[in-house]
Number of protein chains: 2
Amino acid sequence: MSALTAAAQPNRFVPGYLAASLPSSIGGMAKVQRSADPLAAIAQVKVYDREHAIFAEGEAADAIFRVVDGVIRLYKLLPDGRRQIIGFLQAGDMMGLAFAERYLYSAEAVTATTVQRISRAQLDDLLDAQPSLARKLLSVTTSELVAAQDQMLLLGRKTALEKLASFLLALSRRTDGNRAIALPMSRSDIADYLGLTTETVSRGFTKLKTNRLIRILDGGKVELLDREALAELAECA
Amino acid sequence: MSALTAAAQPNRFVPGYLAASLPSSIGGMAKVQRSADPLAAIAQVKVYDREHAIFAEGEAADAIFRVVDGVIRLYKLLPDGRRQIIGFLQAGDMMGLAFAERYLYSAEAVTATTVQRISRAQLDDLLDAQPSLARKLLSVTTSELVAAQDQMLLLGRKTALEKLASFLLALSRRTDGNRAIALPMSRSDIADYLGLTTETVSRGFTKLKTNRLIRILDGGKVELLDREALAELAECA
DNA sequence: CGTTGTGTTGAAAAAGATCAACATGTGTGG
DNA sequence: CCACACATGTTGATCTTTTTCAACACAACG
């Protein structure tokens, strides 16, 4: 399979722009040879509390990050405070890859989070030493773009309810079992991700509950009762 | 400069997702050695009439394209026909890079267009033969993501007038001189790019005209009379 | 010279935002 | 362990923006 076809399936549940899923051996046994995860070798592990900032838009961008555990949000702000969440990141996703001298968005921990920090300088060295890595990163970045397109379609052309249905389905695609899915982020996070207000998100959930498409469980979990109907509502994506 | 910092300036006027500006010697004299533009060597030149399809979402994706001349639109459709334009491409931009087995969006010529067609198979060979190309493509793809983020902010959080102002400013950034900028695409194209209706776009233009921020010239050209005010309206981007 | 497509403008309708109140839930300190 | 305080979420009423529906102007084209 070519580097480009490898980028095929956009099975990440959110664009998480500039984020990327790279096969990671984190948590697994280190039975693979060193070259299997060259990034891990030069990574520094960091832990962030819930709701803490990892970096902010405009700061010098001297590192990229890979999420080991937890959920992170990436977002951009307008001068007057309006916020657009670019993506939610989960284990395996990367962020900071597409940057200039400075970060072009902010990153915060939604839940308590563990990340690997890879300095830009070291990454550049690694890219020189191991040209195949560039192709892997290309493949990964490319699949982010695919997800980004879907999100543009969602933001520009879908109704509130369609956005919600799309969001829940995308989430559930990430969770392996089709059991209940976790919603670690707040209504306000969801709203800023879908281009809505918290009230509209809340009303949407209520409507989906009333129509028996979903059920809210303890711990902020959601069960998708009628995946079929949700897919119809979501208009594909 | 590293491959990543090279991706810095998102000076493309539209995300044009999965499109990418790669330095091209098209139109210039071939005084550079063959390796300067390896893609040109394996490209096949094709010409498309105004409003003609180049490829459609879902078709087998066996080639990528680079625009030599003209303007192209990339878009996705919802089952009921709602359209979201992902980006407008101009000379130097690439499309089709981020794909699976099939194209994930459609491409049509807005104006009469000349493109270079590079077959996937040949591109893959070239990537094997010349690993540095992957790094260039990574840099280019990465800058697309940056533009994509801005578009997500625009679609999710900006008002109609802010969207229009942002669009005009982005366009003008592409046009070197700050003279009049060409608007080869229809109101309906602009609407589908900004997540609006044609009527709202039209009213927006009228308002900008009335407030002396722009002036409509012959041949669908627009002159930005008050770049300052437009920038304020656009809220940055 | 009519026809067709594109753009503009107006009036009515709808979706979503805003403002406001209240409910629920969580965490803290007493 | 309880009571309170503060966060977050839900619901209702109203308002605004944008869409929708409709008419018309205008230009390009056959």
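In what follows, every chain begins at residue 1, and chains take the letters A, B, ... in the order their sequences are listed. Heavy atoms only: backbone and side chains are in, while hydrogens, waters and symmetry mates are out.
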Review point. Is a side-chain N or O of B/Thr206 found less than 3.5 angstrom from the main chain of B/Ser202, in a donor-acceptor match?
Key: yes
Check your understanding: Nearest-Å distance, CG (A/Asp192) to C1' (C/dG16)?
Key -> 15 Å
Point to revise | Whole-Å gap separating P (D/dA27) and CD1 (B/Ile216) | key: 14 Å
Check your understanding: Nearest of C/dG7, C/dT9, C/dA17 to any side-chain atom of B/Glu199?
Key -> C/dT9
Practice item. Hey, which sits more toward the 5' end of DNA chain D by its nearest nucleotide, A/Arg157 or A/Arg203? Key: A/Arg203
Review point. Within this structure, what is the CD-to-C1' distance between A/Glu162 and C/dA15, rounded to whole angstrom?
Key: 12 Å
Review point. Which nucleotide, in any strand shown, forms a Watson-Crick or G-U wobble pair with D/dA7, with both distances under 3.5 Å?
Key: none
Review point. Can you check whether B/Ser188 has a side-chain N or O nearer than 4.0 Å to OP1 or OP2 of C/dG7?
Key: no
Exercise for review: May I ask you to say what B/Gly195 touches in the nucleic acid, namely base, sugar-phosphate or nothing, with a heavy-atom cut-off under 4.0 Å?
Suggested key: sugar-phosphate
Review point. Partner of C/dT24 by Watson-Crick or G-U wobble geometry, both contacts under 3.5 Å, or none?
Key: none
Point to revise | Any B/Thr197 side-chain N or O less than 4.0 Å from OP1/OP2 of D/dT19 | key: yes
Exercise for review: Using whole Å, report how far NZ of A/Lys163 lies from C1' of C/dA17.
Suggested key: 12 Å
Review point. Is a side-chain donor or acceptor of A/Glu235 paired with a backbone partner of A/Glu162 at a separation under 3.5 angstrom?
Key: no
Check your understanding: Is it true that B/Tyr75 and B/Tyr105 have ring centroids separated by less than 6.0 Å?
Key -> no
Check your understanding: With a 3.5 Å cut-off and no angle check, do the side chains of B/Ser106 and B/Arg73 form a donor-acceptor pair?
Key -> no
Practice item. Would you classify B/Ser202 as touching base, sugar-phosphate or nothing, given that sugar-phosphate means primed atoms plus P, OP1 and OP2, and contacts are heavy atoms under 4.0 Å? Key: base
Check your understanding: For residues B/Thr200 and B/Thr197, is any side-chain donor paired with an opposing acceptor at under 3.5 Å?
Key -> yes
Exercise for review: Write down the distance between CG (B/Leu164) and P (D/dT17), rounded to a whole number of angstrom.
Suggested key: 16 Å
Practice item. Decide, for D/dA7, between syn and anti: a glycosidic angle within 90° of 0 counts as syn, anything else as anti. Key: syn
Practice item. Looking only at side-chain atoms of B/Thr159, point me to the closest of D/dT18, C/dA17, D/dG9. Key: D/dT18
Point to revise | Atom-pair distance (CZ on A/Arg50; C1' on C/dG27), nearest Å | key: 11 Å
Practice item. Check the distance between D/dT19's P and B/Leu161's CG and give it to me in whole angstrom. Key: 13 Å
Review point. Is the distance from OP1 or OP2 of C/dT8 to the nearest side-chain N or O of B/Thr206 less than 4.0 Å?
Key: no
Point to revise | Ring-face cation contact, B/Phe55 with B/Arg117, 6.0 Å cut, 45° max | key: no
Practice item. Look at the side chain of A/Lys209 and decide which nucleotide, out of D/dT10, C/dA17, C/dG7, has an atom nearest to it. Key: D/dT10
Point to revise | Interatomic distance, B/Arg82 CZ vs D/dT19 P [rounded to whole Å] | key: 12 Å
Exercise for review: May I ask you to verify if any side-chain N or O of B/Thr200 is less than 4.0 angstrom from the OP1 or OP2 atom of D/dT18?
Suggested key: no
